[in-house]
Number of protein chains: 2
Amino acid sequence: MDVFSLATPPLLSNYDVLSILSQSYSHPLQGEKNHGFEVLYHSVKQGPISTKELAEFIRERATIEETYSKAMAKLSKLASNGTPVGTFAPLWEVFRVSSDKLALCHLELTRKLQDLIKDVLRYGEEQLKTHKKCKEEVVGTLDAVQVLSGVSQLLPKSRENYLNRCMDQERLRRESTSQKEMDKAEAKTKKAAESLRRSVEKYNSARADFEQKMLDSALRFQAMEETHLRHMKALLGSYAHSVEDTHVQIGQFLSPISGPLDFEAYSAAALQEGKYVWAWMPRLDRGAEGG
Amino acid sequence: MDVFSLATPPLLSNYDVLSILSQSYSHPLQGEKNHGFEVLYHSVKQGPISTKELAEFIRERATIEETYSKAMAKLSKLASNGTPVGTFAPLWEVFRVSSDKLALCHLELTRKLQDLIKDVLRYGEEQLKTHKKCKEEVVGTLDAVQVLSGVSQLLPKSRENYLNRCMDQERLRRESTSQKEMDKAEAKTKKAAESLRRSVEKYNSARADFEQKMLDSALRFQAMEETHLRHMKALLGSYAHSVEDTHVQIGQFLSPISGPLDFEAYSAAALQEGKYVWAWMPRLDRGAEGG
């Protein structure tokens with residue numbers, strides 16, 4: 001029910017008019033202090049900021065992974081400098097290989113993230129163009145907000161004027177003033193009623209225009225936001241996929257580490273290959289040759 | 001068969017003696033240039049070096065993990081500074097939490113590795129004491145090596161002298177020299193044979209002593225090496241266990257990341273909570289109120 005769609009205000013009783021006009025002129029979409037549109041638009045404008053922040057976040061993560069990878073490559077070098085003599089020596093090769101693999105996995109993640117940053121930045125540029133276009137398209141809504149706001153401010157004055165005329169007329173009637181005076185007052189009331197009616201018409205028209213434009217803008221914002229979230233979802237999916245992939249890769253060679261820790265098997269192999277001086281020692285158990 | 005356990009050298013034919021004495025005097029355990037013991041001992045001495053290198057390796061790894069952990073904590077802060085407005089805002093909390101968890105996992109690994117370094121250093125000190133004790137105990141073997149080496153150098157001279165006397169005797173016999181000269185030569189041969197016999201006895205005695213001491217040392221080295229490898233195996237097992245534990249922990253919260261990426265569920269939740277301005281927008285789809 002629209003409180004201002006009154007066909008003939010002068011026919012209403014004063015009490016009805018009072019009751020109707022005491023209601024708010026504010027449309028729920030206008031928001032507090034007419035900032036409804038601003039709030040919506042501000043929310044939409046966060047999109048490009050989120051995209052920029054996501055790129056920064058991924059860039060930082062890529063840097064962290066690169067640093068880790070380089071440190072692991074350095075650790076691999078430390079392992080390859082391990083003393084090449086003694087029974088423990090072959091273990092250094094295991095450390096070297098596993099550190100190298102770990103370095104490689106994190107380097108691969110770094111590269112994937114660097115590629116992803118490019119995707120994010122590309123989307124960010126696209127998004128900025130969409131936002132620029134949107135800003136041009138919604139400027140009419142901002143105008144409609146201002147028109148509605150202006151018209152809304154005129155209404156109380158018209159109402160005040162109309163109420164004052166009604167009360168004047170009522171007072172004259174009670175004071176049994178001359179018919180001429182009464183006619184004069186009634187004419188004034190009618191004029192005030194007509195003025196109020198025009199204000200209400202203007203308000204209703206501005207309101208209808210505002211609602212249509214606000215609805216258009218809101219739907220546009222919603223569509224943009226949905227597209228934005230779909231893009232961000234795809235980018236985050238790619239991020240999560242890369243991180244999980246790396247985790248799975250690392251898991252695949254973490255297990256073999258425990259393999260070469262089986263010294264019994266390792267010693268047996270070393271003995272067979274006869275690589276180490278130590279290898280011939282157990283023969284002493286069976287007594288030295290000759291003698 | 002010991003080539004030098006000859007009861008009566010002078011009774012042997014020259015050819016037999018030549019054949020026997022052309023064989024090597026070197027005991028297989030003596031090694032090239034008598035360095036057999038040195039090579040074994042050198043191999044054993046690598047133990048403490050390996051322990052020291054392992055501590056360095058783990059320390060470097062702990063430093064790498066600490067650096068990674070700190071960088072992740074910084075990344076978490078970056079995520080918590082993400083714009084708090086807009087539909088994407090709640091995702092920053094997901095990033096913050098997952099970065100924090102990752103930082104914590106790597107910090108825990110750092111601490112485990114730092115504890116492990118203490119274990120390695122403690123074992124290293126223990127090992128150095130064992131090695132010092134061992135060095136004192138095997139000094140007798142080194143003496144035996146030198147005695148055997150000295151006696152082995154005397155043998156060729158004795159052999160040379162004996163062979164020369166035999167040849168002198170044979171030459172005189174062929175030249176049909178006087179019986180007096182022949183007796184004189186035979187006495188010289190007998191003396192040389194006696195000298196060679198004594199040298200062989202000395203050699204056999206030194207060789208027996210060397211073999212016993214070398215066997216004792218070798219068994220001692222072997223026991224030390226086995227103990228060393230058992231210790232290193234336990235330390236490496238702890239290292240591998242910590243690294244694998246961290247990997248499993250990370251795997252447990254990597255999956256939940258993909259959960260909050262489900263924007264549909266997230267948007268629905270946001271709408272229900274009515275936290276965001278955006279939340280009331282879809283109502284516009286059903287037409288604005290009033291009008």
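Sequence lines set the chain letters: A, B, ... in the order given, protein chains first and strands last, and positions in each chain run from 1.
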Q.
With heavy-atom distances below 4.5 Å as the criterion, would you say the side chains of Trp92(B) and Glu53(A) are in contact?
A. yes
Give, as side chain, backbone, both or neither, the part of [X] having an atom under 4.5 angstrom from any heavy atom of chain B.
X: Leu235(A); value: neither
X: Ala208(A); value: neither
X: Lys45(A); value: neither
X: His241(A); value: neither

Got a second to check how far [X]'s [atom1] is from [Y]'s [atom2], nearest 0.5 Å?
X: Ile64(A); Y: Ser99(B); atom1: CD1; atom2: OG; answer: 7.5 Å
X: His247(A); Y: Ile250(B); atom1: NE2; atom2: CD1; answer: 6.5 Å
X: Leu91(B); Y: Leu229(A); atom1: CG; atom2: CG; answer: 8.0 Å

Q: Considering only heavy atoms and a distance below 4.5 Å, find which of Ile49(A), Leu54(A), Val248(A) pairs most often with chain B.
A: Leu54(A)
Q: Determine, stepwise, if the pair Phe57(B) / Asn81(A) fulfils side chain to side chain contact (heavy atoms under 4.5 Å, CB included).
A: CA-CA 10 Å; Phe57(B) 182 86; Asn81(A) 287 338; over 6 Å; no
Q: Give, as side chain, backbone, both or neither, the part of Leu102(B) having an atom under 4.5 angstrom from any heavy atom of chain A.
A: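 Just the side chain, heavy atoms under 4.5 Å.
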Q.
Using 30° and 60° as the class boundaries, would you call the ring planes of Phe95(A) and Tyr239(B) parallel, tilted or perpendicular?
A. perpendicular
Q.
Does the plane of the ring in His106(B) sit parallel, tilted or perpendicular to the ring in Tyr68(A)? Use 30° and 60° as the thresholds.
A. perpendicular
Q: Give the member of Gln212(B), Glu56(B), Gln46(B) that has the highest number of heavy-atom pairs under 4.5 Å with chain A.
A: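 Of Gln212(B), Glu56(B), Gln46(B), Gln46(B) has the most heavy-atom pairs under 4.5 Å with chain A.
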(Q) At a heavy-atom distance under 4.5 Å, which candidate from Glu60(B), His42(B), His228(B), Arg61(B) has the highest pair count against chain A? (A)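 When all of Glu60(B), His42(B), His228(B), Arg61(B) are compared, Arg61(B) has the most.
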